[in-house]
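Chain identifiers are assigned alphabetically (A, B, ...) following the order of the sequence lines, protein sequences preceding nucleic acid strands; residue numbering begins at 1 within each chain. In this text, all values refer to a predicted model and were calculated from it rather than measured experimentally.
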2 protein chains.
Amino acid sequence: MAFAETFKALSDPVRRQILELLKKGPLSAGEIGSHFEMTGATISYHLKILKKADLIFESREKNFIYYQLNTSVLEEIMLWISGLNGGNSDVESK
Amino acid sequence: MAFAETFKALSDPVRRQILELLKKGPLSAGEIGSHFEMTGATISYHLKILKKADLIFESREKNFIYYQLNTSVLEEIMLWISGLNGGNSDVESK
DNA sequence: GGGGTATTTAGAAAAATTTCTAAATACCCC
DNA sequence: GGGGTATTTAGAAATTTTTCTAAATACCCC
């Protein structure tokens, strides 16, 4: 189960908020950090976890590292959840 | 955000496995425990967390407490995830 | 190359989670 | 009521997670 990591990653409020920020588009580590009252080191720690869970990926540009959402993994999670639902969810959408 | 609790609850592998067991139907605390190598006290701890997250509910019968899935909360989670997806997921299903 | 900014890594402290043992409740049934 | 089983609660130990500070990397641009 690779999504043990994904669920772990999603379990932290800070990381979920990071994902929501990235919903609007790529942001640099610094820009992400500016939304929180934590050191850059801590943000970097959270980004690493999101990265390992494949929920985000980075692209380097100039002196910055930009992060963006990787939505593909989210579908696996949705599938697992809808599976619990007895396959009886919106996902199956008549 | 009430689903901070839900995500936390889903982040543990034991608890996810409990949910999968319950997918097939209600089980008593003892029956659930028999699937794991942990004390009943530990299982009880996990059940409490799942209960607080509204992912399961109990019904008492005779000398047993039966647990079963509560799928309604799962939909909120799915909505949050599909929201990240830019609303661009199977859920919206055009 | 060298100063400057952006980000990460290392290591330790603080906080939260998971697990256990032992004891307490709760309920059944004779 | 009382013995018996099922489950939970309390408290402590072990483990994991989150956070910080300080230092290290990485890359830019003059």
Spacing of [atom1] belonging to [X] relative to [atom2] belonging to [Y], to within rounding of 0.5 Å:
| X | Y | atom1 | atom2 | result |
| --- | --- | --- | --- | --- |
| A:Ile18 | A:Arg16 | CD1 | CZ | 11.5 Å |
| A:Leu22 | A:Tyr66 | CG | OH | 12.5 Å |
| B:Ile77 | B:Thr6 | CD1 | OG1 | 4.5 Å |

Atom pairs under 3.5 Å: protein N/O with N/O of nucleotides 11-15 of chain C:
none

Considering only distance and modelled atom types, tabulate donor-acceptor pairs under 3.5 Å from the side chains of residues 42-56 of chain B, sequence neighbours left out.
| residue | atom | partner | partner atom | Å |
| --- | --- | --- | --- | --- |
| B:Thr42 | OG1 | B:Thr39 | OG1 | 3.2 |
| B:His46 | ND1 | B:Arg15 | NH1 | 3.1 |
| B:Lys51 | NZ | B:Glu58 | OE1 | 3.0 |

Looking at A:Leu69 and A:Lys23, what are the two nearest heavy atoms and their distance?
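That closest heavy-atom pairing would be CD1-CA, 3.7 Å.
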If I compare all heavy atoms of B:Met38 with all of B:Val14, which pair ends up nearest, and what's the gap?
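Smallest heavy-atom distance, with atoms named: CE-CG2, 3.5 Å.
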Fit a plane to each ring of A:Phe3 and A:Phe7, take the angle between them on a 0 to 90° scale, and name the class: parallel (under 30°), tilted (30 to 60°) or perpendicular (over 60°).
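Perpendicular.
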Measuring to OP1 and OP2 of [N], would you say a side-chain N or O of [X] lies under 4.0 angstrom away?
| X | N | value |
| --- | --- | --- |
| A:Lys48 | C:dT7 | no |
| B:His46 | C:dT19 | yes |
| B:Thr42 | C:dT18 | no |
| B:Tyr67 | D:dT8 | yes |

Group every Ile, Leu, Val, Met, Phe, Trp and Tyr by side-chain heavy-atom contacts under 4.5 Å, then state whether A:Phe64 and A:Phe36 land in the same group.
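No; A:Phe36 is not reachable from A:Phe64 via cluster members.
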Nucleotide by nucleotide, 5' to 3', does protein get under 4.0 Å of the base (B), only the sugar-phosphate (S), or neither (-) in nucleotides 22-30 of chain D, counting heavy atoms?
B----BSS-
Between [atom2] on [N] and [atom1] on [X], what's the gap in Å once rounded to a whole number?
| X | N | atom1 | atom2 | answer |
| --- | --- | --- | --- | --- |
| A:Met38 | D:dT21 | CE | P | 13 Å |
| B:Ile49 | C:dT19 | CD1 | C1' | 12 Å |
| A:Leu10 | D:dT18 | CG | C1' | 17 Å |
| B:Ile56 | D:dT7 | CD1 | P | 12 Å |
| A:Tyr45 | C:dT8 | OH | C1' | 14 Å |
| A:Leu50 | C:dT7 | CG | P | 16 Å |
| A:Ile43 | D:dT17 | CD1 | P | 18 Å |
| A:Leu47 | C:dT9 | CG | C1' | 14 Å |

Under the side-chain hydrogen bond (donor to acceptor under 3.5 Å, both in side chains) rule, collect the residues that match up with A:Gln68, sequence neighbours excluded.
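Applying side-chain hydrogen bond (donor to acceptor under 3.5 Å, both in side chains) to A:Gln68 gives none.
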Within the 4.5 Å heavy-atom criterion, are A:Leu21 and A:Tyr67 side-chain neighbours or not?
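Of all side-chain heavy-atom pairs linking A:Tyr67 with A:Leu21, none is under 4.5 Å.
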Sub-4.5 Å side-chain heavy-atom contact between A:Leu10 and B:Leu10
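A:Leu10 vs B:Leu10: side chains apart.
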If you pin B:Gly30 and A:Asp12 to their nearest nucleotides in DNA chain D, which one's is more 5'?
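Nearest nucleotide further toward 5': that of B:Gly30.
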Could you go through residues 24-32 of chain A and list every donor-acceptor pair under 3.5 Å that involves a side-chain atom there, pairing it with any protein atom two or more places apart or in another chain?
| residue | atom | partner | partner atom | Å |
| --- | --- | --- | --- | --- |
| A:Ser28 | OG | A:Glu31 | N | 3.1 |
| A:Ser28 | OG | A:Glu31 | OE1 | 3.3 |
| A:Glu31 | OE1 | A:Ser28 | N | 2.8 |

With axes from five pairs an end, tell me the bend angle of the helix from C:dG1-D:dC30 to C:dC30-D:dG1, nearest 10°.
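That helix has its two terminal axes inclined by roughly 30°.
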Among [options], which nucleotide has an atom closest to any side-chain atom of [X]?
| X | options | result |
| --- | --- | --- |
| B:Thr39 | C:dT21, D:dT8, D:dC20 | C:dT21 |
| B:Ser44 | D:dT8, C:dC20, D:dT7 | D:dT8 |
| A:Lys8 | C:dT19, C:dT18, D:dT18 | C:dT18 |

